[in-house]
Engineer: 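The structure is given below, and queries will be raised subsequently.
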Amino acid sequence: MGSVVKDVALKEDAPQTFLLEKHIEYIAAYGANKEDYEYCMTEYLRLSGIYWGLTAVDLMHSRNRMNENEIVEFVVSCQKECGGFGPAPAHDPSILYTLSAVQVLCMLDKLDKIHIDKAVAFIAGLQNKDGSFSGDKWGEVDTRFSFCAVAALSLVGRLWSDCPINIEKCVEFILSCMNFDGGFGCRPGSESHSGQIYCCVGVLSILRELHHIDDGLLGWWLCERQLPSGGLNGRPEKLPDVCYSWWVLSSLAILGKLHWIDKHKLKMFILASQDNETGGIADRPGDMVDPFHTLFGIAGLSLLGETSLKQINPVYCMPQDVLNKLGVNAQILDSQ
Amino acid sequence: MHGRLKVKTTAVQEEEKRIKRQKKLKLFQGALAAAFKKIHSKEYDPEGLYITQEILAANSDYYTIWNYRKNAFLHFKNTKTSDELLKCFQDELSFLQNCLKNNPKSYSCWNQRCFVLLTMSDPDWKKELQLCDLFLQFDDRNFHCWDYRRFVVQHSAVLPGEEIQFTHKLIENNFSNYSSWHYRSKLLPIECPDASDKNRIGEKMLLEELELVQNAFFTDPNDQSAWFYHRWLLGRGETKQSLLSLHVSLLDNKLTCTLRKPASIKDCSRLNVYINDNPHVVVWKGCNQGKYQHVWQSDLPKKDLFSGENKIKVEFGSSELMVEMTGQDEAISCIQTNTETFRQSSSDAKLSVLTEELKSCEELNDLEPGNKWVMLTLVLLMRAIDPTHYSSQVHDTLHELCTVDGMRQCYYQDLMSKFVIEDHIAAVDLHQRCIDLHGKALTRVCRFEFFSTITSLNLSHNQLHSLNSPFKLLHCLQKLDVSENEIVEISGLKDLTKLVLLNLDSNKISSLKTLEPVTTCAALQKISVKSNRIPLEDIDSLLQILPNVEIVYE
Ligand SMILES: [Zn+2]
């Protein structure tokens with residue numbers, strides 16, 4: 001019994017150059033028609049959608065294509081009495097959209113438009129006794145939420161001075177989610193998953209605690225995500241995907257192991273996942289594009305050195321110049 | 001957003017689809033408006049439940065709508081009879097099962113199910129476990145369902161042994177099941193813990209497990225799940241924190257300790273200093289930046305030490321180092337390295353077990369020559385058994401892996417570099433303070449904490465790209481030869497205050513900016529930068545910045 005490697009084949013006529021202009025048009029047009037079916041059906045994650053779109057066009061040096069005032073107004077309207085943000089005004093607050101709100105406003109240099117202290121209190125209120133974070137008042141625990149908390153607090157400058165959370169406990173919880181393969185899952189006992197690994201490595205990076213990670217072991221698991229097509233999967237025996245490619249790639253970058261994969265092959269996989277008619281990037285070649293995969297495709301290309309893009313920060317998935325301006329940085333291991 | 005194939009359609013089809021979708025959207029948005037009205041007015045009634053069900057059936061990711069239903073159930077707890085309430089919860093569970101059938105990876109649905117189970121009285125946990133069986137039959141890698149299963153197990157006192165049986169069944173069905181192997185890595189240490197380490201498995205169980213995983217990779221040698229699990233089974237011993245070296249300099253009036261693992265200032269409270277057997281209180285300062293560091297320094301009480309003989313001892317836990325000052329300015333003490341220094345970190349399994357595993361893998365290698373998983377496992381086993389004996393075989397196999405698995409060649413090269421450096425450290429006497437690692441095909445450096453007292457380092461004729469953070473640990477370094485590499489940056493040389501001679505010939509340094517760190521090396525006398533890519537005007541500037549340094553550039 002020989003196992004079949006789950007993978008895709010890149011077609012010869014797939015795009016091989018970066019379609020910068022087309023992607024700018026795609027993102028700028030997305031959401032212009034507020035009656036569009038896809039757009040309306042994804043209202044429950046609107047604020048994250050805005051973060052994906054804004055980050056993508058900013059990386060493409062075209063932030064002016066977005067209506068900044070409209071965005072700020074919308075973000076402000078999503079903050080609730082409790083300080084947290086919903087994805088849209090009528091929706092319930094969650095730590096996921098609270099991070100998106102903070103990221104968007106950092107990029108637009110408009111943090112002063114929201115109640116920061118309230119947002120900070122909302123985040124701090126979601127930390128549990130064991131150091132974990134809930135996503136909202138209903139109590140679901142996930143290491144993604146730890147990342148949202150730590151990233152958002154660091155962006156608003158409340159991690160190192162006047163910090164409202166227990167950092168030691170936070171680290172302890174993340175480490176309790178570490179697995180036999182060196183990776184991390186959603187909760188203690190959960191299987192390693194590259195999205196979750198990105199979140200946990202991100203937390204430890206922001207908190208300068210990366211030495212807890214066995215970078216040789218985890219780096220090996222991560223570089224084994226690359227498939228013959230050049231794309232990366234999120235877990236063993238899964239299909240390659242542009243978004244997982246980003247989470248694996250950024251984790252490798254934080255651990256100083258970006259060179260452990262074949263960068264050129266990954267670049268060709270992302271390029272082949274572009275839609276040369278409509279612009280935008282799909283999860284894999286031949287599929288429908290969306291803003292989520294468009295951002296992570298572009299972010300991946302930036303990390304791989306695409307010169308027509310702004311430099312991306314692998315921890316925050318935001319343009320490096322934005323973080324420089326804020327004076328926010330995280331621990332990145334030297335490439336060894 | 002995942003796995004939706006783009007299909008070529010005609011303009012007519014496109015228009016038809018658009019009209020159909022507009023209709024659907026209008027209905028959806030109507031329902032949504034009605035639902036938000038209910039949410040806003042906190043109206044929890046059958047109509048509200050009905051509308052929200054319609055919405056969630058169409059789009060189960062609308063978590064705010066699920067939250068309305070949570071609120072409704074909490075409200076019903078005070079307003080309905082227990083029979084009515086039970087019916088409500090049962091309806092919700094069957095509705096959720098339908099939603100999960102359509103969308104088995106919906107965070108919201110699984111989360112709602114947890115809520116229901118935790119909120120209803122007397123939940124039927126057995127039935128939930130059966131539901132997990134069903135969904136895992138459908139997709140044995142669905143991590144949402146696995147997590148839900150662990151939630152059910154936790155709340156219903158299912159024994160670890162029963163769950164081990166369950167994973168066994170799945171693995172027998174299909175060896176290539178990473179989720180099951182993962183679950184076993186969590187369950188086995190609970191069921192059969194090793195006497196000395198609660199995160200590991202006792203020996204009898206370990207042998208059985210090795211047999212199972214061997215079955216898996218003999219059946220399919222390309223099944224990576226089995227290989228990842230195998231690497232874990234053989235274990236990696238935890239490196240204990242200990243002292244590596246002690247350096248005393250009367251010229252600088254400094255005492256410097258280097259630790260095996262990065263330590264925080266808090267950890268330093270366990271570093272005890274004795275001068276002539278008298279405890280001595282010192283203030284520790286990290287040698288570099290960062291919360292956790294290998295090298296820690298403190299000032300010395302100058303006047304006490306200049307006269308007569310002095311013994312300076314440092315303790316950390318059970319490790320201690322001592323130097324005797326008999327009039328000299330400087331003294332060091334390092335641990336004695338040997339082949340055991342790094343072997344433990346490759347595996348903590350017994351030698352007999354490792355030897356058996358090596359035999360099996362050699363057998364498989366004969367059956368399946370060129371299989372990268374077998375080859376890498378052979379390398380790791382040989383390293384764990386006897387690095388010296390297998391030295392050339394390890395080298396050859398890793399070299400071959402670079403071709404067999406070209407996408408990851410840098411991983412194998414870096415691994416080889418690590419082995420070379422470890423073997424060198426194991427073989428030298430660190431008190432000699434000279435390290436020669438030239439011409440070893442090194443692509444990276446590591447373990448430099450062992451070198452913190454050396455004065456001379458030769459790394460010429462390798463394939464190094466950068467001299468970064470590990471070099472910051474070399475606080476005694478006077479002479480560094482890194483000629484004939486591929487170096488593009490030297491940030492790690494910043495503030496190496498003892499560095500006198502630096503040879504950077506034949507590298508890829510391209511500007512004055514890159515050389516900036518050497519301007520912070522206060523003792524520098526000579527730097528050679530022949531055969532690089534530095535423009536002549538940059539050399540001129542460097543000559544001006546470092547007027548007292550001999551700069552060789554052609
Ligand atoms: Zn994806």
Engineer: Counting only non-hydrogen atoms closer than 4.5 Å, does A/D36 touch chain B with its backbone (N, CA, C, O), its side chain (CB onward), both, or neither?
Structural biologist: backbone
Engineer: Determine, for A/E38 against B/K17, whether the closest basic-nitrogen to carboxylate-oxygen distance falls under 4.0 angstrom.
Structural biologist: no
Engineer: Answer with yes or no after comparing the ring centroid distance for B/F217 and B/W373 against a 6.0 Å cut-off, counting only values under it.
Structural biologist: no
Engineer: Please look at A/D283 and chain B and tell me whether the side chain, the backbone, both or neither of the residue comes under 4.5 angstrom of a heavy atom of that chain.
Structural biologist: side chain
Engineer: At a heavy-atom separation under 4.5 Å, does B/I55 approach chain A through its side chain, its backbone, both, or neither?
Structural biologist: neither
Engineer: For chain B, which of A/H211, A/R284, A/H293 has the most heavy-atom pairs under 4.5 Å?
Structural biologist: A/H211
Engineer: Taking the six-membered ring of B/F151 (Phe, Tyr or Trp), confirm whether the NZ or CZ of A/R187 is under 6.0 Å from its centre and within 45° of its axis.
Structural biologist: no
Engineer: Assess the residue pair B/E163 and B/R184 against the criterion (salt bridge (charged side-chain N to carboxylate O under 4.0 Å, His left out)); give the C-alpha distance rounded to whole Å, side-chain angles, the decisive distance to 0.1 Å, and a yes or no.
Structural biologist: CA-CA 9 Å; B/E163 288 297 275; B/R184 290 177 82 80; over 6 Å; no
Engineer: Kindly say whether A/E209 contributes a backbone atom to a donor-acceptor pair with the side chain of B/K291 at under 3.5 angstrom?
Structural biologist: no
Engineer: Please state whether the side chain, the backbone, both or neither of A/K263 comes within less than 4.5 Å of a heavy atom of chain B.
Structural biologist: neither
Engineer: Considering only heavy atoms, which portion of A/H264 lies under 4.5 Å from any heavy atom of chain B: side chain, backbone, both, or neither?
Structural biologist: neither
Engineer: If I measure from the heavy atoms of chain B, does A/N179 come under 4.5 Å with its side chain, its backbone, both, or neither?
Structural biologist: both
Engineer: Heavy-atom cut-off 4.5 Å, strictly under: side chain, backbone, both or neither for B/Q409 against chain A?
Structural biologist: neither
Engineer: Any donor-acceptor pair under 3.5 Å linking the side chain of A/S229 with the backbone of A/A9?
Structural biologist: no
Engineer: Name the region of A/L207, side chain, backbone, both or neither, that has any atom closer than 4.5 Å to a heavy atom of chain B.
Structural biologist: backbone
Engineer: Report the C-alpha separation of B/W181 and B/F228 in whole Å, then their side-chain angles, then the decisive distance to 0.1 Å, and conclude whether the ring pair (Phe, Tyr, Trp, His ring centres under 6.0 Å) test is met.
Structural biologist: CA-CA 9 Å; B/W181 293 112; B/F228 279 111; over 10 Å; no
Engineer: Quick check on A/L227 against chain B: is it the side chain, the backbone, both or neither that has a heavy atom closer than 4.5 Å?
Structural biologist: backbone
Engineer: Indicate yes or no for a side-chain donor-acceptor contact from A/D262 to the backbone of A/K265 under 3.5 Å, with no hydrogens or angles considered.
Structural biologist: yes
Engineer: Side chain, backbone, both or neither: which part of A/E224 has a heavy atom under 4.5 Å from chain B?
Structural biologist: both
Engineer: Checking A/C223 against chain B: side chain, backbone, both or neither under 4.5 Å from a heavy atom?
Structural biologist: both
Engineer: Once the angle between the rings of B/H2 and A/Y244 is folded into 0 to 90°, is it parallel (under 30°), tilted (30 to 60°) or perpendicular (over 60°)?
Structural biologist: parallel
Engineer: For B/S185, is it the side chain, the backbone, both, or neither that has a heavy atom closer than 4.5 Å to a heavy atom of chain A?
Structural biologist: side chain
Engineer: Which bit of B/K372 comes within less than 4.5 Å of chain A, counting heavy atoms only: side chain, backbone, both or neither?
Structural biologist: side chain
Engineer: Please classify the contact between A/P188 and chain B as side chain, backbone, both or neither, with a heavy-atom cut-off of under 4.5 Å.
Structural biologist: neither
Engineer: Relative to chain A, which of B/R231, B/Q22, B/R18 shows the most heavy atom pairs under 4.5 Å?
Structural biologist: B/R231
Engineer: Do the rings of A/H91 and B/Y62 sit parallel, tilted or perpendicular, given the 30° and 60° boundaries?
Structural biologist: tilted
